[in-house]
Protein chains: 2
Amino acid sequence: MSAGSAGSARSAGSRLPADVEPGVCAAFRDALDLVGSKWGIAIIVAAGGGPIRFAELHRAIPGISRRMLTLTLRTLERDGLLVRTVHPTVPPQVEYAATPLAEELFRSTRALSEWAENNHERIAAARAAYDGRGFA
Amino acid sequence: MSAGSAGSARSAGSRLPADVEPGVCAAFRDALDLVGSKWGIAIIVAAGGGPIRFAELHRAIPGISRRMLTLTLRTLERDGLLVRTVHPTVPPQVEYAATPLAEELFRSTRALSEWAENNHERIAAARAAYDGRGFA
DNA sequence: CCGAATCCTTTTTGATACTG
DNA sequence: CAGTATCAAAAAGGATTCGG
């Protein structure tokens with residue numbers, strides 16, 4: 001092996017699963033397909049408190065456009081994370097509610113969110129240190 | 001009230017925190033900024049088994065381009081999730097290793113990944129059901 | 001009120017060729 | 001080996017307008 005015998009210690013101190021199945025990353029990416037969009041988690045959280053109407057969601061999530069609200073609602077509904085109920089009144093009234101599946105999913109995101117809350121300072125420090133090299 | 005007194009039961013059966021602080025969603029989005037990119041988690045996993053070289057990473061992660069590998073490595077390094085070590089040999093030799101911070105982060109993603117693994121069938125079923133309405 | 005349709009900008013990713 | 005530079009495509013998101 002020409003230039004490749006640095007003997008990498010990759011079989012020794014593996015602190016993460018060295019023989020990581022492709023599945024590990026794939027599963028994470030699958031999860032992101034479900035709630036990785038800009039507004040996905042916000043909508044699930046907002047709809048987790050009970051049925052909520054379109055206009056209420058729009059107010060509850062500052063900055064979202066009607067278009068993105070509609071699109072994200074459709075995706076979440078299709079994925080079985082939201083149920084959409086139309087009340088044939090006039091004017092029309094539509095309610096969205098998070099499913100048990102969405103609530104499980106949300107609970108599974110908490111560990112990651114909490115890690116981010118607990119470490120955002122360390123991240124900021126790392127970024128500052130990185131940015132402060134080269135033009136000091 | 002014109003049309004707005006459906007009296008929504010949002011204060012009753014709140015199964016998710018109804019008074020959800022904006023911080024919950026923000027923290028999750030912060031985490032996604034760190035490992036939400038297409039190749040971020042794959043690189044962290046690959047570099048979690050000990051120091052690994054650029055070309056090894058390139059081989060270990062099927063489909064990634066050198067460009068995206070470089071870009072994502074830079075971001076992860078800046079965020080303090082990877083350390084880059086240059087050995088001034090010839091030819092040049094550069095190693096990347098996941099930091100303890102990255103390993104904590106990775107562990108925090110497991111719950112979400114496992115949920116995705118355990119429920120992808122349910123998701124697929126929901127999608128099939130959704131897609132099978134309208135042109136049956 | 002709820003949402004579809006259209007158009008446009010920004011962000012992200014990829015293909016390819018070149019360099020110390 | 002380990003990148004950089006350039007170009008282009010695709011995806012995501014947003015603004016606005018129109019309709020049932």
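As the structure is a prediction and not an experimental result, all values here were calculated from the model. Residue numbers begin at 1 in each chain, while the letters A, B, ... track the order of the sequences.
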DNA chain D nearest-nucleotide lookup for A:P92 and A:T72: closer to the 5′ end is A:T72
Base, sugar-phosphate, or nothing for B:S65, non-hydrogen atoms under 4.0 angstrom?
nothing
Expressed as a whole number of angstroms, how long is the span from [X]:[atom1] to [N]:[atom2]?
X: B:I52; N: D:dC1; atom1: CD1; atom2: P; value: 14 Å
X: B:R67; N: D:dA2; atom1: CZ; atom2: C1'; value: 16 Å
X: A:L71; N: C:dG3; atom1: CG; atom2: C1'; value: 10 Å
X: A:E56; N: C:dG3; atom1: CD; atom2: P; value: 13 Å
X: B:I64; N: C:dT12; atom1: CD1; atom2: C1'; value: 13 Å

Would you say [X] reaches [N]'s phosphate, i.e. side-chain N/O to OP1/OP2 under 4.0 Å?
X: A:K38; N: D:dG14; answer: yes
X: A:R66; N: D:dA15; answer: no
X: A:R84; N: C:dG3; answer: yes

Distance (rounded to the nearest 0.5 Å) between A:F28 CZ and B:E117 CD
12.5 Å
Which pair of heavy atoms, one from A:I44 and one from A:F106, lies closest together, and at what distance?
CG2-CB, 4.5 Å
Could you pull out the closest heavy-atom pair between A:C25 and B:A42, with the gap in Å?
SG-CA, 3.7 Å
Nearest listed nucleotide, side chain of [X], among [options]:
X: B:M68; options: D:dC1, C:dG14, C:dC2; answer: C:dG14
X: A:Y96; options: C:dG3, D:dG3, C:dT13; answer: C:dG3
X: B:V94; options: C:dA17, C:dT13, D:dA2; answer: D:dA2

For a 4.5 angstrom cut-off between non-hydrogen side-chain atoms, does A:R127 reach A:I123?
yes
